[in-house]
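Below: the structure, in structure tokens.
Residue numbers start from 1 in every chain, and the chains themselves are labelled A, B, ... in the order their sequence lines are given, proteins ahead of strands.
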Amino acid sequence: MTNREIAAVFEQVADLLEFQGANPFRVRSYRNGARKIADLSESLATIAAEPSRSLTEIEGVGKAQAEKIEQLLSTGRLPLLDELLEQVSPQVLALLRVPGLGPKKAALLHRELGVNSLEELRKACQSQQVRGLKGFGAKTEEGILKGLTIAEQADRRTRWVEADEVVQRLLEHMRALDCIAQLEMAGSYRRGCETIGDLDLLVEASDVATVMDQFGSLPGVADVIARGETKMSTRLESGLQIDLRVVPGESFGAALQYFTGSKDHNVVVRGRAKQRGLKVNEWGVYRVEDDGSESYVAGRAEGEVYRALDLPWIPPELREARQEFAWAEQGDLPVLVQLTDIRGDLHMHTTATDGKASLREMVDAAQQRGLEYVAITDHSQRVSMARGLDAKRLRAQWSEIDRLREEFDGLVVLKGIECDILEKGGMDLPDDVLAEADWVVASVHYGQKQSREQITERILGALENSYVSIIAHPTGRLINRREPYEVDMEQVFAAAARHGKMLELNANPARLDLHDIHCAAAKRHGIPIVISTDAHSTEGLEVMRHGVQQARRGGLTAADVANARSWKAFEKYLRRA
DNA sequence: GCCGTTTTCGGCCCGACTGTTTTCAGTCG
């Protein structure tokens with residue numbers, strides 16, 4: 001079983017236990033275990049197979065979970081899960097997706113009314129059976145009916161780039177107010193996560209009511225879910241929820257820290273505070289005296305909050321309770337790569353295959369963006385739908401690049417190709433053609449359903465080809481649309497390191513492939529990452545910022561990113577490789 | 001179920017808001 005599958009089993013166990021009203025800390029420990037497993041770049045099977053190592057070396061995995069992982073690895077089954085599934089039907093778990101329904105209320109509905117599915121819940125609400133239950137009323141019933149629609153279309157998080165469009169609109173709408181002193185987005189949006197559950201807006205303002213009125217009047221707001229003295233929540237017609245918090249200036253930094261999360265990061269922050277006789281909440285950092293009284297220590301700026309805990313400010317992208325606290329304590333926090341560090345773009349298409357802009361237009365647009373070097377990498381012949389290039393057409397394009405080079409002073413244009421790794425293994429163009437290229441991007445487009453062994457073999461084969469420079473979008477996933485193909489990334493990392501190859505971080509916001517944890521793993525292997533736009537139009541060059549953001553989440557510095565090097569430095573590296 | 005600079009038991013982050021209830025439980029982030 002793969003890490004992802006085992007993490008999913010632990011998640012399911014947590015859901016089922018929660019539904020049964022089990023010890024909430026036991027539930028949390030399974031969720032925590034699932035997350036740590038999902039964050040792992042090494043496979044559990046590898047760790048378990050090594051006699052000198054133990055699964056309990058994974059933080060958050062103790063003796064009990066280690067045994068369960070071993071059961072899953074050897075038998076593919078978990079008796080605990082089977083047992084739980086006998087007691088609770090998995091369909092009932094869907095009830096937890098209804099906003100406002102937690103384990104307690106869902107269990108009560110199941111127990112008292114025999115509700116087993118979202119459909120049955122709808123019927124129970126419509127026949128007004130729900131309002132009679134203890135702890136329920138007419139308003140709850142109406143709320144559930146509203147929430148049902150959301151639950152039915154749930155299971156989908158918004159891609160960061162889509163959320164960003166809403167954010168830009170929201171910020172502009174709010175900036176129209178004079179009474180706002182500070183305005184920041186927090187939450188997973190600020191952490192640059194690839195998908196966003198909801199949006200969090202933080203405001204410092206004197207006039208709370210005016211801010212809330214303005215917030216509620218954002219075009220596209222379908223519903224005001226809640227409105228209190230400091231907190232308000234709305235839902236857009238698209239289903240996206242936006243939370244607003246209004247705080248005073250002395251709390252702004254503390255609130256920003258608090259609402260940026262992640263949840264797990266904040267748990268560690270709180271724990272540290274406690275060790276130091278402090279308390280951290282969204283209003284500030286407080287010293288707790290022996291008599292129980294509290295005095296304000298910090299909270300105006302986010303950095304103050306961390307300083308009070310003897311930590312440097314931690315970039316939001318790193319706040320996932322992974323390595324950041326260890327780094328921060330040792331003074332080893334990476335200086336994360338920035339968009340302005342990027343000097344080259346090494347994956348783009350033209351009208352020769354499936355691009356929308358000509359070679360000249362792409363090169364021109366790259367120069368206008370201030371890039372020092374680009375590689376033109378159209379598809380190879382196997383990608384027939386895109387009219388992929390055979391040797392003859394490819395050489396013709398390279399001649400065109402030769403002519404173009406004389407015109408474009410100060411911009412280096414590399415003769416490249418995105419060469420398919422064939423289903424049966426091997427490259428889509430002969431070695432003598434690849435040998436003439438400056439830059440060979442190898443990628444899997446076909447046969448994505450093949451077995452783990454097959455796909456891994458294909459990619460390893462490409463890494464062994466001395467003319468291949470890099471593997472593009474190494475896992476093939478499309479966010480919200482297609483799972484990554486089965487590939488043993490450990491072997492890919494080892495082979496890439498051995499053969500001196502690079503790995504691509506595809507910056508297309510639908511791909512963001514490599515994943516952040518794979519970026520971090522590649523860095524540990526000393527593999528240079530190239531962030532590429534894979535642009536199919538001149539506007540497509542714009543997506544570089546998404547790739548940089550993903551790289552930051554992976555903890556990459558400019559030194560870890562090959563195309564953050566000057567052309568001179570990059571060229572030297574190419575020649576050596 | 002996990003974990004340990006008050007360690008092998010007894011903690012485990014903390015506050016806002018809602019609806020239902022006369023003082024709080026449940027949910028959410």
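- Nucleotides B:dG1 and B:dT5 have their C1' atoms positioned 24 Å apart, rounded to a whole Å.
- To the nearest whole angstrom, the two P atoms, one in B:dT21 and one in B:dG26, are 13 Å apart.
- Taking atom CG on A:L17 and atom P on B:dC2, their separation rounds to 12 Å, with Å as the unit.
- Comparing the P positions of B:dG10 and B:dG29 gives a spacing of 34 Å, expressed to the nearest Å.
- Side-chain contact between A:E320 and A:D39 is absent, with no heavy atoms from C-beta onward closer than 4.5 Å.
- With contacts defined as side-chain heavy-atom distances shorter than 4.5 Å, the pair A:V9/A:M1 qualifies.
- Looking only at side-chain heavy atoms (C-beta outward), A:R235 and A:V221 stay at 4.5 Å or farther from each other.
- Rounded to whole Å, the separation between the C1' atoms of B:dG15 and B:dT8 comes to 32 Å.
- With a 4.5 Å cut-off on side-chain heavy atoms, A:L512 and A:N508 do not count as touching.
- One finds no side-chain N or O of A:W283 lying less than 4.0 angstrom from the OP1 or OP2 phosphate oxygen of B:dC14.
- Here the nucleotide nearest the side chain of A:A226, chosen from B:dC2, B:dT18, B:dC14, is B:dT18.
- Nucleotide B:dT8 forms a pair with no other nucleotide shown, judged by Watson-Crick or G-U wobble geometry with both contacts under 3.5 Å.
- OP1 or OP2 of B:dG15 sits under 4.0 Å from a side-chain N or O of A:K279.
- Once rounded to the nearest 0.5 Å, the distance linking CG of A:L201 with OG of A:S233 reads 11.5 Å.
- Taking only side-chain atoms of A:E229, from C-beta outward, the nucleotide of B:dC14, B:dC17, B:dG19 with the closest atom is B:dC17.
- Looking at which nucleotide of DNA chain B each of A:G135 and A:R28 is closest to, the 5′-most match is held by A:R28.
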> Reading nucleotides 23-29 of chain B 5' to 3', which nucleotides get B (base under 4.0 Å from a protein heavy atom), which S (sugar-phosphate only), which -?
Replying inline: ---SSSB

> Are A:K523 and A:I529 close enough, and set up right, to give a side-chain contact (heavy atoms from CB on, under 4.5 Å), and what steps lead you there?
Replying inline: CA-CA 8 Å; A:K523 174 178 177 156; A:I529 297 293; over 6 Å; no

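- Within 4.0 Å (heavy atoms only), A:V61 reaches sugar-phosphate atoms of the nucleic acid but no base atom.
- Within residues 64-72 of chain A, the residues approached by DNA chain B to less than 4.0 Å at the level of any non-hydrogen atom are A:A64, A:Q65, A:K68, in residue-number order.
- Within the 4.5 Å cutoff, the side chain of A:F10 has heavy atoms near those of the A:I69 side chain.
- One can place CG of A:N23 at 9 Å from C1' of B:dC12, the figure rounded to the nearest angstrom.
- Residue A:T230 is in sugar-phosphate contact alone, with no base atom involved, counting any heavy-atom pair closer than 4.0 Å across all strands shown.
- Of the residues in residues 112-130 of chain A, none has a non-hydrogen atom less than 4.0 angstrom from any atom of DNA chain B.
- When the C1' atom is compared between B:dT7 and B:dC2, the two are found 13 Å apart, to the nearest whole Å.
- Closest to the side chain of A:K274, from the set B:dG19, B:dC12, B:dC14, is B:dC12.
- Nucleotide B:dT5 carries an anti base; the chi torsion (O4'-C1'-N9-C4 or O4'-C1'-N1-C2) is more than 90° from 0.
- The P atoms of B:dC14 and B:dC9 are separated by 25 Å, rounded to the nearest whole Å.
- Side chains of A:H173 and A:S217 form a contact here, defined as non-hydrogen atoms less than 4.5 Å apart.
- B:dA25 and B:dT20 have their C1' atoms separated by 9 Å, with the value rounded to a whole Å.
- If you measure from atom NZ of A:K146 to atom C1' of B:dT18, you get 13 Å, rounded to the nearest angstrom.
- Contact annotation for A:A22: no contact, since no heavy-atom pair falls under 4.0 Å across all strands.
- Using a 4.5 Å cut-off on side-chain heavy atoms (C-beta onward), A:I47 and A:L55 make contact.
- No side-chain heavy atom of A:E184 sits less than 4.5 Å from a side-chain heavy atom of A:F259.
- For the C1' atom pair drawn from B:dG19 and B:dT23, the interatomic distance equals 13 Å after rounding to whole Å.
- Contact annotation: A:R26 side-chain N/O to B:dG1 OP1/OP2 distance is under 4.0 Å.
- Comparing A:N281 and A:E141 along DNA chain B, the residue whose closest nucleotide (by nearest heavy atom) sits nearer the 5' end is A:N281.
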